[in-house]
Colleague: 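Sharing a structure here in structure tokens format.
Below, read A as the first sequence line, B as the second, and so on, with proteins coming before strands; counting in each chain starts at 1. These numbers come from the heavy atoms of this one structure, side chains and all, not from hydrogens, waters or symmetry mates.
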Protein chains: 2
Amino acid sequence: MASNDARSVIRLPAMEVPKASDVLANELRERILSGEYSEGTPLPPERELVVQTRMSRTTVREALRILEVQGLIRIRAGRSGGAFVQQPGGESVASSLDLLIRGRHLRLASVHETREAVEPSCARLAALHHTPTDLRRLDVTNDEVAAAENLDDFLRANVAWHIAVAEAGHNEILTGIMMALSRAIYTTTNNEGFVNEQVRSIAVRAHRSVTRAVAERDPDAAVRRMARHVHSYAAAALEADSRTEISVADH
Amino acid sequence: MASNDARSVIRLPAMEVPKASDVLANELRERILSGEYSEGTPLPPERELVVQTRMSRTTVREALRILEVQGLIRIRAGRSGGAFVQQPGGESVASSLDLLIRGRHLRLASVHETREAVEPSCARLAALHHTPTDLRRLDVTNDEVAAAENLDDFLRANVAWHIAVAEAGHNEILTGIMMALSRAIYTTTNNEGFVNEQVRSIAVRAHRSVTRAVAERDPDAAVRRMARHVHSYAAAALEADSRTEISVADH
DNA sequence: TTGGTCTAAAGGTCTGACCCAATCTAGCAT
DNA sequence: ATGCTAGATTGGGTCAGACCTTTAGACCAA
């Protein structure tokens with residue numbers, strides 16, 4: 001090697017040869033993210049993309065599949081089907097967080113830690129930015145929490161209320177994070193049976209007190225009350241299954 | 001519609017017919033997430049999966065592509081290549097958050113809001129859970145911040161320090177979130193030119209004071225100082241480009 | 001009205017071939 | 001022996017073309 005150094009002065013950097021499907025996926029992704037195509041705009045049919053790009057249908061389809069998994073397009077079969085542009089929403093963040101949590105077998109503590117970090121801030125933003133519609137939704141969902149007759153109903157309504165708080169803050173990033181955390185907590189708290197009548201009535205009261213702070217646009221109180229609520233809930237859940245890892249969710 | 005209600009009492013839910021590639025992807029995903037296969041385990045070659053599943057290679061490949069995008073496998077070409085199991089890491093969360101931020105053209109304020117919500121808690125966890133290695137890394141990266149000679153070096157080192165704080169907290173969810181936020185802030189703060197000598201030296205001092213709190217295992221101080229630092233940085237950045245949306249990152 | 005049938009458009013799947021990349025190995029040259 | 005090069009092998013990447021399935025719409029028949 002060293003003896004060849006003088007052979008030519010030309011030096012080239014290490015190069016990467018991207019896959020064809022990635023090239024197409026990247027191109028389309030940039031266009032979608034740039035906002036060039038608005039929500040719902042149909043991409044050309046696969047066979048049309050084939051003639052335009054001069055790639056094979058296999059390649060085109062792999063590119064579309066990539067974008068679909070990333071939540072950037074939605075694909076429907078049948079006549080007038082095809083690929084339609086879709087701006088990514090909180091769900092894609094939620095599902096990737098979900099994979100992280102389940103795949104790493106993260107301890108329940110990590111999820112609750114994160115929630116304790118995030119949710120009080122959601123309450124704060126909700127107090128600052130909520131609309132009348134948001135307030136109504138908080139009341140409605142908390143009524144459902146109070147009216148729940150079995151464990152599953154309770155958990156579902158509980159998640160709905162917490163997500164309503166996040167959405168009242170009108171910050172889509174935090175909302176996406178909360179959706180993911182809620183899903184994880186939902187699948188773990190289920191089957192645990194630590195949710196008794198007492199826990200439920202305490203939760204309902206805590207929710208009401210947070211809602212009041214939000215309605216009165218008192219961010220500090222909202223933070224304080226939400227922090228206390230989440231912390232005590234986490235402590236109870238952790239005590240109920242100490243040192244347990246998250247079990248695989250039933251699909 | 002209403003007149004048809006009486007025609008029959010029978011009600012059926014909307015049904016979904018899953019795609020073959022999704023079926024395979026789901027099957028493999030469940031197995032990977034369950035921990036049945038450890039990190040690095042090779043999946044059978046595509047052609048082998050074809051004979052085992054009696055699906056076509058196209059279908060098998062689409063399934064593998066899905067898992068690859070979700071960060072559950074890594075695919076290498078060439079002899080002794082193939083698909084290898086990979087537990088999802090923070091990067092996949094980061095990239096989906098990145099898509100959300102870029103795709104929705106979220107206001108810079110949203111990103112900073114989220115960061116102000118998350119990062120103080122990272123500091124708190126760092127104060128509680130850090131190891132000697134973590135501390136050293138905080139010092140090293142902050143020295144790089146101080147030594148940076150141009151804007152790009154500064155931003156890079158700055159991101160590295162903040163991620164080091166997150167990792168010192170040993171919570172992978174928060175780490176993933178911080179990675180995503182940092183990436184977004186990096187691409188937006190760049191080109192803005194509000195980072196002058198004064199901002200930089202203030203940042204270095206703030207980092208040192210947070211690091212001290214972490215080293216002394218004083219969670220409250222860590223939270224307070226980090227909150228102040230992040231808040232002032234956000235205020236400065238927001239003032240520098242008020243009411244501006246995130247520009248498309250250069251790839 | 002209600003249901004059947006047909007057609008066209010579009011995605012979903014299959015087959016089989018060939019191309020490229022990475023690795024291993026046998027054999028040749030020194 | 002040593003070292004290197006030329007296949008051989010195993011694997012993913014791409015292509016071309018056919019056929020199946022799903023859906024929308026139109027038209028027809030009871």
Colleague: Would you indicate, yes or no, if C:dC14 has its OP1 or OP2 atom less than 4.0 angstrom from a side-chain nitrogen or oxygen of B:Ser56?
Modeller: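 It does, given that an N or O in the side chain of B:Ser56 lies less than 4.0 Å from OP1 or OP2 of C:dC14.
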Colleague: Rounded to the Å, how far apart are B:Arg79 CZ and C:dC24 P?
Modeller: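 In whole Å, C:dC24 P and B:Arg79 CZ are 7 Å from each other.
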Colleague: Whole angstrom is fine here: how far is it from CG in B:Leu24 over to P in C:dC14?
Modeller: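 B:Leu24 atom CG is separated from C:dC14 atom P by 11 Å.
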Colleague: Could you check how far CG of A:Leu64 sits from C1' of C:dA10, rounded to whole Å?
Modeller: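 In whole Å, C:dA10 C1' and A:Leu64 CG are 12 Å from each other.
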Colleague: Is a donor on one side and an acceptor on the other found under 3.5 Å between the side chain of B:Glu39 and the backbone of B:Gln87?
Modeller: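 Such a contact is found between B:Glu39 side chain and B:Gln87 backbone.
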Colleague: From the set C:dG12, C:dT7, C:dA17, return the single nucleotide nearest to any side-chain atom of B:Lys19.
Modeller: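 Nearest to the side-chain atoms of B:Lys19, counting from C-beta on, is C:dG12.
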Colleague: What is the distance, to the nearest angstrom, from the CD atom on B:Glu46 to the C1' atom on C:dC20?
Modeller: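 About 14 Å, once rounded to whole Å.
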Colleague: Suppose we call a contact any N or O donor and acceptor under 3.5 Å apart; does that hold for the side chain of A:Arg76 and the base of C:dG11?
Modeller: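 Check fails, no donor-acceptor contact within cut-off.
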Colleague: Would you say the side chain of B:Thr59 lies within less than 4.5 Å of the side chain of B:Leu24, judging by non-hydrogen atoms?
Modeller: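 B:Leu24 vs B:Thr59: side chains apart.
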Colleague: Measure from CD1 on B:Ile75 to P on C:dA22 and round the result to the nearest Å.
Modeller: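 Going from B:Ile75 (CD1) to C:dA22 (P), I get 15 Å.
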Colleague: Determine whether the side chains of A:Thr131 and A:Asp134 contain a donor N or O and an acceptor N or O closer than 3.5 Å.
Modeller: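 Yes, side-chain donor-acceptor contact under 3.5 Å.
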Colleague: For the residue pair B:His170 and B:His130, is the inter-centroid distance of their aromatic rings smaller than 6.0 Å?
Modeller: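 Here the rings of B:His130 and B:His170 have centres that are no less than 6.0 Å from each other.
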Colleague: How long is the line joining CG of B:Leu49 and P of C:dC14, in whole Å?
Modeller: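 The answer, rounded to whole Å, is 13 Å.
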Colleague: Is the phosphate of C:dG12, meaning OP1 or OP2, less than 4.0 Å from a side-chain N or O of A:Arg61?
Modeller: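 So the side-chain polar atoms of A:Arg61 do come within 4.0 Å of the phosphate oxygens OP1 or OP2 of C:dG12, strictly under.
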Colleague: Taking 4.0 angstrom as the limit, do B:Arg65 and A:Glu68 come out as a salt bridge?
Modeller: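 Salt bridge between B:Arg65 and A:Glu68, a charged N being under 4.0 Å from a carboxylate O: no.
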Colleague: For a 4.0 angstrom threshold against heavy atoms of chain A, report the outermost contacting nucleotides of DNA chain D in 5' to 3' order.
Modeller: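 So the contact region on DNA chain D extends D:dG13 to D:dA24.
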Colleague: Under 3.5 Å, side chain of A:Arg31 to main-chain N/O of A:Gly35, donor-acceptor pair present?
Modeller: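 Such a contact is absent between A:Arg31 side chain and A:Gly35 backbone.
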Colleague: Specify the residue among B:Val17 and A:Arg54 whose closest nucleotide of DNA chain D lies further upstream toward the 5′ end.
Modeller: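 Checking each residue's closest nucleotide, the 5'-ward one belongs to A:Arg54.
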Colleague: Just wondering, more than 12 heavy atoms not from B:Glu149 lying within 6.0 Å of its CD?
Modeller: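 No, CD of B:Glu149 has 12 or fewer neighbouring heavy atoms, counting only those of other groups under 6.0 Å.
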Colleague: Relative to the 5' end of DNA chain D, which residue comes earlier, A:Met55 or B:Pro44, by the nucleotide with the nearest heavy atom?
Modeller: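 Taking each residue's closest nucleotide, the earlier one in sequence belongs to B:Pro44.
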Colleague: Mind calculating the distance between CD (A:Glu48) and P (C:dA9) to the nearest angstrom?
Modeller: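 Computing the A:Glu48:CD to C:dA9:P distance gives 13 Å.
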Colleague: Touch check for B:Ser80, heavy atoms < 4.0 angstrom, all strands: base, sugar-phosphate only, or nothing?
Modeller: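 Result for B:Ser80 = sugar-phosphate.
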